[in-house]
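Each remark here refers to the structure printed beneath this line.
We count residues from 1, following the sequence as given.
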Amino acid sequence: MANSRIAVIVGSLRKESFNRQLADALPGLAPDVEFTRLRIDDLPLYNQDDDAAQPAPVKRLKSEIAAATGLIFVTPEYNRSIPGVLKNAIDHASRPYGQSAFKGKPAGVIGVSIGAAGTAVAQQHLRNVLAYLDVPTLGQPEAFIQAKEGVFAGPGKLGESAGKFVQEWMKTYLDFVRRHAG
């Protein structure tokens, strides 16, 4: 998948976020792919009044999404849904109506949480939003990772078991991108 660019959107702003750590490990699983983590912490709250003159951080986000071959959403689960900061970024990049940067971009959804169900409910909510935005999203395998001993093996590295699972997920996701981007 050389010359492919995958935009990674992390739904957490926390510096030591498990999901940020997971996102940091992804490039090591596909060294021939360019991964770019998109910044969402500088976006103002979405306000439809701003659609005619979107702020510079919104324009940057939309152009980075437009330049990507595919998208990976790495999200925690907050109160059985997606974090507000992620929803805000999605609202910005999909507006104004009819000018969504997401349309047709193949996406993967993955997340890690301390709970046994991982980020299952947040991922389902995110998939519903992405379906409305015409974003083809990898359905299987689902990737609900529980943050427990051995999941991470240092900065930018997954432990053996998690690494094997996410490596297989990544392979399937990149095949999905090839089918949709070609």
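In terms of modelled atom types and a separation under 3.5 Å, the side chain of R60 and the main chain of P55 share no donor-acceptor contact. With S113 contributing its side chain and G111 its backbone, the two residues share no donor-acceptor pair below 3.5 Å. Looking only at distances, a side-chain donor or acceptor of K105 sits under 3.5 Å from a matching main-chain atom of A66. Put simply, the side chain of T69 gets close to the backbone of R5: a donor and an acceptor are under 3.5 Å apart.
Within the 4.5 Å cutoff, the side chain of I110 has no heavy atoms near those of the Y173 side chain. Side-chain contact between F152 and L158 is present, with heavy atoms from C-beta onward closer than 4.5 Å. In this structure the side chain of L26 never reaches within 4.5 angstrom of the side chain of I6, judged on heavy atoms. The side-chain heavy atoms of V151 and Q21, taken from C-beta on, include no pair separated by under 4.5 Å. Between P83 and P76, the closest side-chain pair of non-hydrogen atoms falls below 4.5 Å. Side-chain contact between T172 and P141 is present, with at least one heavy-atom pair separated by less than 4.5 Å.
Under a 4.0 Å N-O distance rule, the pair D175/R179 does not qualify as a salt bridge. Look at E160 and K164 and you find a salt bridge, because one of the NZ, NE, NH1 or NH2 atoms lies within 4.0 Å of a carboxylate O, short of that distance.
Note that the CG atom of L38 and the CD atom of E64 stand 5.0 Å from one another [nearest 0.5 Å]. Here CG of L126 is found 7.5 Å from CD of Q123. Values are rounded to the nearest 0.5 Å. Rounding to the nearest 0.5 angstrom, the gap separating the CD1 atom in I90 from the CG atom in L43 is 11.5 Å. For the atom pair CD (Q54) and NZ (K62), the distance works out to 4.0 Å, reported to the nearest 0.5 Å. With rounding to the nearest 0.5 Å, the separation of CZ in R95 from CD in Q48 is 5.0 Å. Distance check: L174 CG to I72 CD1 gives 6.5 Å after rounding to the nearest 0.5 Å.
Residues A23 and V10 share a closest heavy-atom pair of CB-CG2, 3.5 Å. Pairing each heavy atom of A93 with each of F102, the nearest pair is CB-CE1, 3.4 Å. Summarising the geometry of A107 relative to L130, their closest heavy-atom pair is CB-CD1, 4.4 Å, with the distance given to 0.1 Å. Minimum heavy-atom separation, A30 to M170: CB-CG, 4.2 Å. Shortest non-hydrogen contact noted between A120 and E77 is N-OE1, 3.5 Å. Between I65 and A101, the shortest heavy-atom contact is CG2-O, 3.2 Å.
In R80, the CZ atom is not crowded: 12 or fewer heavy atoms of neighbouring residues, nucleotides or ligands sit closer than 6.0 Å. Annotation for L13: atom CG counts as buried by contact number, over 12 foreign heavy atoms lying within 6.0 Å. Heavy-atom neighbours of N79 CG from other residues, nucleotides or ligands within 6.0 Å: at or below the threshold of 12.
If you chain together hydrophobic residues whose side chains sit under 4.5 Å apart, L61 and V85 fall into the same group. Hydrophobic clustering of Ile, Leu, Val, Met, Phe, Trp and Tyr side chains at less than 4.5 Å, counting indirect connections, unites V109 with Y132. Clustering ILVMFWY residues whenever any of their side-chain heavy atoms sit less than 4.5 angstrom apart, transitively, puts F144 in a cluster other than the one holding W169. I82 and V112 are members of different hydrophobic clusters when ILVMFWY side chains are connected at heavy-atom separations under 4.5 Å. Note on I9 and F18: separate hydrophobic clusters, where clusters join Ile, Leu, Val, Met, Phe, Trp and Tyr whose side-chain heavy atoms are under 4.5 Å apart, directly or indirectly.
Checked options D51, N88, D91; the residue passing with Y46 is D51 (criterion: side chain to side chain donor-acceptor pair (under 3.5 Å)). When each of K87, H125, Q124 is tested with S81 by the rule side chain to side chain donor-acceptor pair (under 3.5 Å), just one qualifies, namely H125.
Looking only at atom types and distance, the side chain of R20 has no donor-acceptor partner in the side chain of S12 under 3.5 Å away.
Relative ring orientation between H180 and F176 is described as tilted, the plane-to-plane angle lying within the 30° to 60° band.
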